[in-house]
Amino acid sequence: SKAIWKVCAERKIPLLYASTAATYGNGDHGFSDDEKQVKKLKPLNAYAQSKQTFDEWVLDQKERPPHWYGLKFFNVYGPNEYHKGPMASVVMHAHRQIQETGKLKLFRSHKEGIADGDQKRDFIYIKDVVKVCNWFREHLPASGIYNVGTGEARSFQDLAAATFKAMRKKPQIEFIDTPEEIRENYQYFTQADIQKLRKAGYQADFISLNEGVNDYVKNYLSK
């Protein structure tokens with residue numbers, strides 16, 4: 001990543017790179033993409049820390065590409081993630097489970113005040129992610145780190161309901177314990193603050209969770 005950055009800075013090439021919402025950790029410092037807050041963030045795993053480390057390095061650089069954007073993608077789902085295995089979206093795993101067993105397993109909540117299945121994420125459809133990336137490439141707004149999410153957190157229960165509906169099946173959910181190895185570092189809530197993206201000029205509406213899941217299931221996964 002550093003090598004690519006340096007080449008883009010030297011040759012005056014605009015750069016757009018992927019960061020992640022996982023850098024926000026447990027959300028104690030909120031979900032703002034204000035660059036003054038970046039160094040306060042405490043990621044919960046090695047993947048997120050790798051992105052955090054690069055974001056911090058970028059902000060310390062004096063030599064920069066003419067336009068650069070670090071995009072913090074929230075929970076992306078949609079076509080062409082088939083190669084990702086265990087790291088594919090919950091929608092893809094849900095579709096497979098429901099096809100094979102007729103039911104869906106979700107993690108039980110281990111946090112007081114949060115019901116089973118009410119853990120929430122900012123789910124964003126890949127088609128919106130592509131639109132945002134192309135918008136940056138075409139409009140070249142002010143450089144910086146930007147959140148890329150819908151700005152609306154939805155529960156895993158909501159996602160499950162949308163998946164069952166798209167598959168025309170009656171919801172059957174089984175709750176299982178969150179594995180011990182990830183339980184301590186499990187995110188219970190993420191929601192993008194997209195004020196900066198809106199102020200930069202991106203005004204398109206985002207595809208709703210129900211619309212996105214319906215399109216993904218009917219036009220891709222079921223085929």
Side-chain angles (χ1 to χ4, degrees), residues 18 20-27 31 43-48 72-130 147-192 205-223:
T20 175
T23 56
Y24 290 114
N26 62 14
F31 298 92
L44 300 176
N45 57 49
Y47 167 74
K72 292 198 177 195
F73 297 120
F74 277 67
N75 281 70
V76 183
Y77 67 97
N80 297 326
E81 60 172 336
Y82 316 118
H83 62 286
K84 291 177 69 176
M87 300 309 293
S89 71
V90 178
V91 183
M92 184 173 164
H93 289 302
H95 180 267
R96 190 194 72 248
Q97 279 187 39
I98 295 166
Q99 267 194 327
E100 293 175 355
T101 68
K103 62 184 180 181
L104 174 62
K105 294 180 180 180
L106 292 179
F107 287 152
R108 186 173 285 116
S109 172
H110 298 276
K111 195 169 186 177
E112 190 175 343
I114 297 178
D116 293 342
D118 203 36
Q119 303 95 320
K120 293 181 178 179
R121 296 281 189 279
D122 190 331
F123 298 104
I124 182 167
Y125 198 31
I126 188 62
K127 293 183 180 182
D128 276 330
V129 171
V130 172
N147 283 334
V148 179
T150 66
E152 180 184 8
R154 297 291 299 273
S155 72
F156 284 101
Q157 284 270 34
D158 292 337
L159 183 144
T163 307
F164 277 107
K165 184 177 180 180
M167 296 178 72
R168 298 179 180 176
K169 293 183 180 290
K170 184 178 179 180
Q172 290 192 55
I173 297 172
E174 176 186 338
F175 291 103
I176 61 173
D177 285 344
T178 306
E180 291 280 359
E181 60 268 23
I182 67 169
R183 191 178 301 178
E184 187 177 340
N185 294 331
Y186 185 77
Q187 285 180 301
Y188 274 77
F189 181 86
T190 66
Q191 180 171 279
D205 292 333
F206 289 99
I207 297 167
S208 72
L209 181 64
N210 286 10
E211 291 172 320
V213 169
N214 187 63
D215 181 57
Y216 188 21
V217 169
K218 290 183 177 177
N219 296 317
Y220 300 92
L221 294 175
S222 292
K223 292 185 177 182

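Everything numeric here is computed off the predicted structure, so don't read it as measured data.
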*Indicate the atoms forming the closest heavy-atom contact of Ala48 with Pro43, along with that distance.*
CB-CB, 3.5 Å

*What is the distance from atom CZ of Phe164 to atom CG of Leu104, rounded to the nearest 0.5 Å?*
5.0 Å

_Lys NZ or Arg CZ of Arg121 over Phe73 ring: under 6.0 Å, within 45°_ = no

_Strictly distance-based, threshold 3.5 Å: is any side-chain N or O of Ser155 a donor or acceptor partner for the main-chain N or O of Asp158?_
yes

_Using a 3.5 Å distance criterion without hydrogens, assess whether the side chain of Asn45 forms a donor-acceptor pair with backbone atoms of Asn185._
no

*For His110 and Thr178, indicate whether the former's side chain and the latter's backbone hold a donor-acceptor pair under 3.5 Å.*
yes

*Can the positive tip of Lys111 be found less than 6.0 Å from the middle of the six-membered ring of Phe189, inside 45° of the ring normal?*
no

*Test item: Gln187 side-chain N/O and Gly25 main-chain N/O as donor-acceptor pair under 3.5 Å*: yes

_Sidechain-backbone polar pair: Gln97 side chain, Lys105 backbone, donor-acceptor under 3.5 Å_ = yes

*Just do the side chain to side chain contact (heavy atoms under 4.5 Å, CB included) check on Tyr77 and Met92 with the steps written out, would you?*
CA-CA 8 Å; Tyr77 67 97; Met92 184 173 164; over 6 Å; no

*Where the side chain of Gln119 meets the backbone of Gly117, is there a donor-acceptor pair that is under 3.5 Å apart?*
yes

_OH-CZ distance between Tyr24 and Phe74, expressed to the nearest 0.5 angstrom_ = 5.0 Å

*Nearest heavy-atom neighbours spanning Asp116 and Ser109*: OD1-N, 2.8 Å

*Closest contact, heavy atoms only, Asn210 versus Arg154*: OD1-NH2, 3.9 Å

_Distance (rounded to the nearest 0.5 Å) between Asp177 CG and Phe107 CZ_ = 10.0 Å

*Over all atoms of both residues, closest heavy-atom pair of Ile173 and Ala160*: CD1-CB, 3.8 Å

*asked:* Is it the case that the side chain of Ser222 and the backbone of Val217 share a donor-acceptor pair, with hydrogens and angles ignored and the cut-off at 3.5 Å?
replied: yes

_Side-chain (Asp122) to main-chain (Ala153) donor-acceptor, under 3.5 angstrom_ = no

*Taking all heavy atoms of Lys223 and all of Asn219, pick out the closest pair and write down the distance.*
CD-O, 3.7 Å

*asked:* Check whether Asp128 reaches the backbone of Ile207 with its side chain - one donor and one acceptor, N or O, closer than 3.5 Å.
replied: yes

*asked:* Does the plane of the ring in Tyr220 sit parallel, tilted or perpendicular to the ring in Tyr216? Use 30° and 60° as the thresholds.
replied: tilted

*Where do Phe206 and Phe123 land on the ring-ring contact (aromatic ring centres under 6.0 Å, His included) test, with the steps shown first?*
CA-CA 10 Å; Phe206 289 99; Phe123 298 104; over 10 Å; no

*Taking His95 for the side chain and Thr163 for the main chain, is one N or O donor matched with an acceptor at less than 3.5 Å?*
no

